[in-house]
Asker: 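Here you go, one structure.
Please read all numbers here as calculations on a predicted model, not as lab measurements. Throughout, residue positions are numbered sequentially from 1 according to the sequence presented. Just the heavy atoms: all of them, side chains too, but no hydrogens, waters or symmetry mates, feed the values below.
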Amino acid sequence: MDRCIFCEIVAGRAPASVVYEDDHVMAFMDIHPVTPGHLLVVPKEHWRNIFDCPPQVAARLLAVAARLAGPLRAATNAEGMNLFMANEAVALQDVWHIHLHLLPRRKGDGFGLRLPPHYPRQATRSELDEIAAAIREEIVSRLSK
């Protein structure tokens, strides 16, 4: 594995402005903040992203995010907050260690999501049922392994 900056931070070999740490998770300020207060929550153990991370690790990230959201909102006087996770390059992942972004939001802060031009086209029930069936089939297939 190439050098992972988040593993380096967790090990204390790279600097970070840490706001929370327990036996399994660390939260620190993003060095390239999208909005003031942009916080990252990472597991101390290295996992590439949601696709190889055990469910309990992902659950722990969200649990810590929920614990930190209120204090982060108060400290930054945020009006709201986005939680964001990127998984693989096509989804904008650029650090190959699973992490959850907490982005304090204010009206007019310049951050946003760009939706495709066809949004909000309503899917047909048959389209939704077809995709749901494919997902259920994958779930059953993976549970039987």
Side-chain angles (χ1 to χ4, degrees), residues 1-107 109-121 123 127-145:
M1 175 180 75
D2 292 333
R3 180 177 172 265
C4 171
I5 188 59
F6 290 170
C7 288
E8 294 293 308
I9 289 170
V10 166
R13 295 186 295 265
S17 299
V18 177
V19 300
Y20 175 86
E21 182 174 6
D22 64 27
D23 291 341
H24 305 285
V25 173
M26 182 181 277
F28 49 88
M29 305 309 299
D30 192 309
I31 197 166
H32 300 288
V34 173
T35 61
H38 182 171
L39 188 62
L40 301 175
V41 181
V42 306
K44 289 186 170 182
E45 189 174 359
H46 184 88
W47 298 100
R48 179 180 170 96
N49 56 37
I50 197 75
F51 300 116
D52 75 345
C53 164
Q56 64 270 21
V57 172
R60 181 70 182 153
L61 294 180
L62 188 56
V64 169
R67 182 181 297 166
L68 299 178
L72 177 57
R73 182 181 189 189
T76 61
N77 294 311
E79 297 170 24
M81 189 167 304
N82 284 113
L83 275 64
F84 177 79
M85 181 182 288
N87 298 282
E88 296 299 338
V90 70
L92 304 179
Q93 184 177 5
D94 61 356
V95 176
W96 303 103
H97 183 124
I98 190 171
H99 55 288
L100 184 60
H101 297 259
L102 279 71
L103 298 158
R105 299 297 308 278
R106 281 205 183 89
K107 185 174 182 168
D109 63 17
F111 177 70
L113 298 174
R114 184 177 51 86
L115 299 171
H118 68 273
Y119 184 83
R121 181 193 73 81
E127 287 175 296
L128 298 173
D129 289 345
E130 183 178 329
I131 294 170
I135 295 167
R136 287 192 304 271
E137 191 174 307
E138 281 294 324
I139 292 167
V140 170
S141 171
R142 290 168 191 241
L143 290 177
S144 66
K145 290 182 181 179

Asker: Got a donor-acceptor contact below 3.5 angstrom from the N87 side chain to the N49 backbone?
Answerer: no
Asker: Using a 3.5 Å distance criterion without hydrogens, assess whether the side chain of E137 forms a donor-acceptor pair with backbone atoms of I139.
Answerer: no
Asker: Using atom types as modelled and distance alone, determine if a side-chain donor or acceptor of T76 lies under 3.5 Å from a backbone N or O of L72.
Answerer: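 Here the side-chain-to-backbone pair exists.
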Asker: Do the non-hydrogen side-chain atoms of D30 and L39 ever get within less than 4.5 Å of each other?
Answerer: no
Asker: Is I31 atom CD1 crowded by more than 12 heavy atoms from other residues, nucleotides or ligands, each under 6.0 Å away?
Answerer: no
Asker: Show the nearest heavy-atom pair for residues P104 and T35, with the distance to one decimal.
Answerer: O-OG1, 2.8 Å
Asker: Write out all pairs satisfying salt bridge (charged side-chain N to carboxylate O under 4.0 Å, His left out) with one or both partners inside residues 73-93, taking only residues at least two apart or from two chains.
Answerer: R48-E88
Asker: H99 versus P43: any side-chain heavy-atom pair under 4.5 Å?
Answerer: no
Asker: Mind checking the CG-CG spacing from L113 to L115? Nearest 0.5 Å is all I need.
Answerer: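 Reported value, rounded in 0.5 Å steps: 6.5 Å.
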Asker: Compare every heavy atom of P15 with every heavy atom of I9, then report the nearest pair and how far apart it is.
Answerer: CG1-O, 3.9 Å
Asker: Nearest heavy-atom pair of A27 and V41: which atoms, and what distance?
Answerer: CB-CG2, 4.1 Å
Asker: Side chains of H46 and V10: closer than 4.5 Å at any heavy-atom pair?
Answerer: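 SC-SC contact between H46 and V10 ruled out.
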Asker: Drop me the distance from D109's CG to L103's CG, to the nearest 0.5 angstrom.
Answerer: 9.0 Å
Asker: Apply the test salt bridge (charged side-chain N to carboxylate O under 4.0 Å, His left out) to residues R121 and E127: give CA-CA distance (whole Å), side-chain angles for both, the deciding distance (0.1 Å), then the verdict.
Answerer: CA-CA 12 Å; R121 181 193 73 81; E127 287 175 296; 3.3 Å; yes
Asker: Between R3 and E8 (side chain of the first, backbone of the second, donor and acceptor by atom type, cut-off under 3.5 Å), is there such a pair?
Answerer: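 No: the side chain of R3 does not pair with the backbone of E8.
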Asker: Would a 4.5 Å heavy-atom cut-off, applied to side chains only, mark V25 and K44 as touching?
Answerer: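 No. Closest side-chain heavy atoms not under 4.5 Å.
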Asker: For R142, does the CZ atom sit with more than 12 other heavy atoms under 6.0 Å from it, leaving out its own atoms?
Answerer: no
Asker: So do the side chains of F84 and L100 get within less than 4.5 Å of each other, counting heavy atoms only?
Answerer: no
Asker: Mind checking the CD1-CH2 spacing from I98 to W47? Nearest 0.5 Å is all I need.
Answerer: 10.0 Å
Asker: Find the distance between CG (L102) and CG (L40) and round it off to the nearest 0.5 Å.
Answerer: 8.5 Å
Asker: Does anything in residues 17-43 form a ring-ring contact (aromatic ring centres under 6.0 Å, His included)? List the pairs, not counting sequence neighbours.
Answerer: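 Matches after skipping sequence neighbours: F6-F28, H38-H101.
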Asker: Look up atom CD in E45 and atom SG in C53, then write down how far apart they are to the nearest 0.5 Å.
Answerer: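 Taking CD in E45 and SG in C53, the distance rounds to 9.0 Å.
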